[in-house]
There are 2 protein chains.
Amino acid sequence: MRWGAGSVSGDMTRTAVLAILARHGGLSRAEIAEQLELSPATITTITRRLLDAGLVEEGEPRTSHTGRPSIPLELVPDSAHALGVQVAHEHVTGVLTQLDATVVHGFRHPFDPSRPDAVDVLTTLIRSEIESAAERRLPLLGVGIAVPGVVEPETGTLRMSVRLGWTGMPLAARMRAALGVPVFVDNDISAVTAAERLYGAGADCADFLLVAIGEGIGLGMVLDGAPYRGAAGAAGEFGHMPILQDGPVCSCGNRGCLETQVSTESLLRRARELGIVGPAASLEDLRAVAAEGDQAGLDLLHRAGELLGRALAGSVNLLGPERVVVIGEISMLWPFLAASFHRALADHLLPCVRETSIDTRPWADDLIAIGAAGIVLATPLAAPRQSIRSGV
Amino acid sequence: MRWGAGSVSGDMTRTAVLAILARHGGLSRAEIAEQLELSPATITTITRRLLDAGLVEEGEPRTSHTGRPSIPLELVPDSAHALGVQVAHEHVTGVLTQLDATVVHGFRHPFDPSRPDAVDVLTTLIRSEIESAAERRLPLLGVGIAVPGVVEPETGTLRMSVRLGWTGMPLAARMRAALGVPVFVDNDISAVTAAERLYGAGADCADFLLVAIGEGIGLGMVLDGAPYRGAAGAAGEFGHMPILQDGPVCSCGNRGCLETQVSTESLLRRARELGIVGPAASLEDLRAVAAEGDQAGLDLLHRAGELLGRALAGSVNLLGPERVVVIGEISMLWPFLAASFHRALADHLLPCVRETSIDTRPWADDLIAIGAAGIVLATPLAAPRQSIRSGV
DNA sequence: GCAAGATAATTTACGCCCGAATTAAAGGGG
DNA sequence: CCCCTTTAATTCGGGCGTAAATTATCTTGC
């Protein structure tokens with residue numbers, strides 16, 4: 001049993017230092033200490049190791065008005081790279097990033113997880129990426145893989161993924177054996193949430209929610225500074241919040257889940273059923289129809305925004321986060337959801353959490369892959385020392 | 001900013017050891033280590049200090065089948081006492097407990113928080129309790145005070161309490177100055193949750209929710225082993241989960257909050273409005289009417305159970321706790337709510353969280369006061385050493 | 001009776017973080 | 001010019017927790 005804090009974080013402090021330097025380079029040790037709420041002594045120790053490892057460099061001392069000059073620290077962005085891969089039910093998306101999480105190379109391939117040799121296909125695909133990185137002499141820390149489903153991140157085992165149809169898959173072990181490189185596996189939303197914690201909205205914020213709305217609806221949480229996954233690793237099922245008294249049956253078997261009203265899949269389905277778009281229409285088509293002012297389409301989206309706002313208000317009241325970020329393919333439809341969404345929020349948020357900032361973020365196809373790379377970057381020195389420069 | 005764990009827990013480990021001995025005495029160091037998932041070395045260190053302080057005693061070595069005999073440890077229950085006080089908007093309830101959280105003395109007085117000298121009245125009242133404990137030569141660790149509202153537990157300041165009408169009240173500091181005894185202040189639900197974590201449902205469970213339904217509805221969370229209070233200390237507003245599309249206006253100003261349908265106050269109000277009970281009826285009267293089979297009354301309660309079940313299902317889906325405990329004065333009406341509550345839960349819980357155990361607990365008037373005493377017991381050695389035996 | 005094995009508890013060395021004291025490196029005033 | 005102030009960074013000792021080795025104390029088999 002976990003008794004309070006202490007056993008949770010592994011290398012989080014080191015990771016936080018790297019991440020803060022990735023965001024604004026040139027910070028001095030003292031500034032890092034202040035922002036991370038750690039003692040200068042700790043930062044001295046950590047940065048010494050990072051300097052030794054060549055991940056960080058000192059700049060020219062910067063003389064301020066008075067007192068001893070501070071020494072700005074900078075990441076050495078190409079001193080380490082990470083390969084991040086998102087495995088989805090129709091394609092595999094990947095990025096190669098530098099230590100500062102900037103993407104140097106991206107790829108996307110169709111993928112069929114139902115094939116019996118799906119994992120071998122995936123392995124081959126990743127191996128070729130590793131080899132091409134090796135040819136360019138890019139030191140690689142490892143591979144991060146983000147999958148939909150319930151994952152044990154410690155072992156890198158995929159316990160169950162409805163979307164991929166995989167169960168009890170020791171993915172990290174299999175990949176590690178095949179690739180000879182450290183492999184980390186995590187849930188897709190968790191990966192994005194962790195990356196957001198390090199490089200994005202969570203950088204200055206210890207309590208935030210990340211709502212991801214695409215074909216499904218997921219929610220990642222950072223609470224008291226740490227990602228929260230629930231007792232059995234299954235927390236975050238925001239999409240299955242009951243929101244309608246007697247709504248349609250959801251894929252989970254229950255009725256009236258938020259996901260039946262707001263996910264891109266359900267919106268498309270309902271738009272087709274209502275004849276708003278044709279039977280083979282895409283999300284883009286739905287957007288176009290709404291942009292043209294189709295009333296039925298706009299009503300559908302307004303309604304969705306309202307339900308989302310109401311459900312989110314309840315969750316924000318419950319958890320009292322400092323910030324909420326909404327991402328996902330839904331962002332394409334956002335112009336038509338935003339008004340009713342924010343009205344519903346305003347109508348249902350408690351006064352004491354009204355200050356919660358709620359941002360929507362444009363979607364990018366490689367966001368989850370970047371998150372997967374973030375898993376690797378978050379563990380830069382956890383593996384034995386040689387892995388840092390070992391390349392392949 | 002809090003970066004992951006590490007900065008959170010103060011003396012939690014020591015507290016956990018005391019609590020586990022309070023629950024089942026006679027555990028050996030090795031057993032404690034296993035249950036707490038700490039190393040035997042740690043337990044050796046901690047128990048040495050507790051033995052030195054006289055809070056714990058060794059029993060007769062207990063020879064098992066093979067190997068070195070284990071030494072059972074026992075709390076010395078009367079080696080320390082705590083005074084726990086619940087301040088509510090109509091009365092003050094208090095208990096004096098031993099180190100093992102058993103109550104040795106209780107009291108309850110009417111109280112009017114709106115009086116300008118309310119804090120002085122409270123101080124006088126507590127002082128007399130401290131004195132009577134001193135007369136009985138009971139060593140007192142300190143006073144814990146549980147109040148409704150948003151509290152900064154570190155400073156013991158009550159930031160805002162709608163129910164008491166107090167704002168920005170440095171309660172702990174004032175009481176400490178007046179009483180000369182360590183004083184700890186926390187939110188009422190937080191106090192009960194923390195006590196539950198130590199002595200109750202949370203003892204073997206690192207992720208649980210505690211739902212308290214009385215005049216209002218509150219929710220306490222223990223996530224990853226630690227109490228969670230939200231970014232601004234305002235998390236847990238389960239009562240203001242939007243649950244009805246266009247429900248009545250709630251005390252928070254919004255519409256359709258759960259609290260307008262399920263709290264004892266709202267149930268009584270609606271029962272009166274519907275003529276189910278008389279205009280001056282009590283909760284007991286409502287219970288009696290329902291027990292006699294009054295259909296309108298039963299319908300009202302069924303409906304409340306259903307709404308509660310649906311709202312709770314959403315929260316459980318979101319947080320994925322291992323256990324949920326429902327407490328509060330509502331327990332009186334539980335026989336009439338239970339069926340619809342559990343049906344609604346079953347209809348809306350995701351398969352992956354169906355195993356979550358959901359218990360309802362009979363209410364006791366001094367539960368929150370006991371929780372307040374728990375705040376003190378959770379800090380037994382945090383204060384300088386002499387406070388342990390100092391008495392008054 | 002005595003070695004072998006099992007379990008309990010403790011000791012030791014270490015990692016991580018902190019607070020406090022110390023050292024380093026400027027600028028400014030008499 | 002020297003000393004004081006200011007800010008940055010480091011060192012040092014200590015607390016908390018761990019893992020591994022060690023010590024303690026029992027049972028069992030020969």
Check your understanding: Rounded to the Å, how far apart are Leu36(A) CG and dC18(C) C1'?
Key -> 15 Å
Review point. With respect to the phosphate group of dT7(C), does any side-chain polar atom (N or O) of Arg29(B) fall under 4.0 Å of OP1 or OP2?
Key: no
Practice item. Would you please test Arg62(A) and Glu74(A) for salt bridge (charged side-chain N to carboxylate O under 4.0 Å, His left out) and show each step? Key: CA-CA 13 Å; Arg62(A) 199 179 34 185; Glu74(A) 297 280 358; over 6 Å; no
Review point. How close do Pro72(A) and Pro61(A) get, heavy atom to heavy atom, and via which atoms?
Key: CD-CA, 4.2 Å
Practice item. Would you mind reporting whether Arg29(A) and Arg48(A) have side-chain heavy atoms less than 4.5 Å apart? Key: no
Exercise for review: Rounded off to whole Å, could you give me the CD-to-P distance for the Glu34(A) and dC18(C) pair?
Suggested key: 14 Å
Please tabulate, one pair per line, each protein N/O and nucleotide N/O from nucleotides 18-21 of chain D that are separated by under 3.5 Å, including the distance.
from, atom 1, to, atom 2, distance (Å)
dT18(D), OP1, Ser39(B), N, 3.4
dT18(D), OP2, Ser39(B), N, 3.2
dT18(D), OP2, Ser39(B), OG, 2.9
dT18(D), OP2, Thr42(B), OG1, 2.1

Exercise for review: Specify the angle, to 10°, made by the local axes at the two ends of the helix from dG1(C)-dC30(D) to dG30(C)-dC1(D) when five pairs are taken at each end.
Suggested key: 40°
Exercise for review: Could you state the atom-to-atom distance from CD1 of Ile46(A) to C1' of dT10(D) in whole Å?
Suggested key: 14 Å
Exercise for review: For Arg62(B), report the nucleic acid contact type (base, sugar-phosphate, nothing); a contact means any heavy atom under 4.0 Å.
Suggested key: nothing
Check your understanding: Of Leu99(A), Val76(A), Val17(A), Leu18(A), which is the lone residue that meets side-chain contact (heavy atoms from CB on, under 4.5 Å) with Val56(A)?
Key -> Leu18(A)
Check your understanding: Which pair of heavy atoms, one from Thr155(B) and one from Ala172(B), lies closest together, and at what distance?
Key -> O-CB, 3.7 Å
**Study point:** By salt bridge (charged side-chain N to carboxylate O under 4.0 Å, His left out) - contacts of Arg176(B) (at least two apart)
**Key:** none
Review point. Between Ile71(A) (CD1) and dT23(C) (C1'), how many Å, whole number?
Key: 13 Å
Review point. Rounded to the nearest Å, what distance is computed from the CG atom of residue Leu50(B) to the P atom of nucleotide dA9(C)?
Key: 15 Å
Point to revise | d(CD, Glu60(A); C1', dA26(C)) in whole Å | key: 15 Å
Practice item. Indicate whether the side chain of Thr45(A) and that of Thr42(A) have a donor and an acceptor atom separated by less than 3.5 Å. Key: no
Review point. Can you list the steps and then say if Tyr228(A) with Asp207(B) is a side-chain hydrogen bond (donor to acceptor under 3.5 Å, both in side chains)?
Key: CA-CA 10 Å; Tyr228(A) 183 67; Asp207(B) 298 88; 2.5 Å; yes
Practice item. Report yes if a side-chain nitrogen or oxygen of Ser70(A) is closer than 4.0 Å to either non-bridging phosphate oxygen (OP1 or OP2) of dA9(D); otherwise report no. Key: no
Check your understanding: Using a cut-off of 4.0 Å on non-hydrogen atoms, how would the nucleic acid contact of Thr44(A) be classed: base, sugar-phosphate, or nothing?
Key -> base
Practice item. Not counting sequence neighbours, which residues clear salt bridge (charged side-chain N to carboxylate O under 4.0 Å, His left out) with Arg68(B)? List them please. Key: none
Point to revise | salt_bridge(Asp204(A), Arg323(A)) N-O dist < 4.0 Å | key: yes
Point to revise | salt bridge (charged side-chain N to carboxylate O under 4.0 Å, His left out) partners of Asp188(B), counting only residues at least two apart | key: none
Practice item. Take Glu196(A) and Thr193(A) through the side-chain hydrogen bond (donor to acceptor under 3.5 Å, both in side chains) test and state the conclusion after the steps. Key: CA-CA 5 Å; Glu196(A) 202 69 24; Thr193(A) 305; over 6 Å; no
Revision key, fill the gap. In B/S/- notation (B base, S sugar-phosphate only, - none; protein heavy atoms under 4.0 Å), nucleotides 25-30 of chain D written 5' to 3' is BBSS--
Check your understanding: Just how far, in rounded Å, is C1' of dG17(D) from CZ of Arg48(B)?
Key -> 14 Å
Exercise for review: Find the distance Leu27(B):CG to dA9(C):C1' and express it as a whole number of Å.
Suggested key: 15 Å
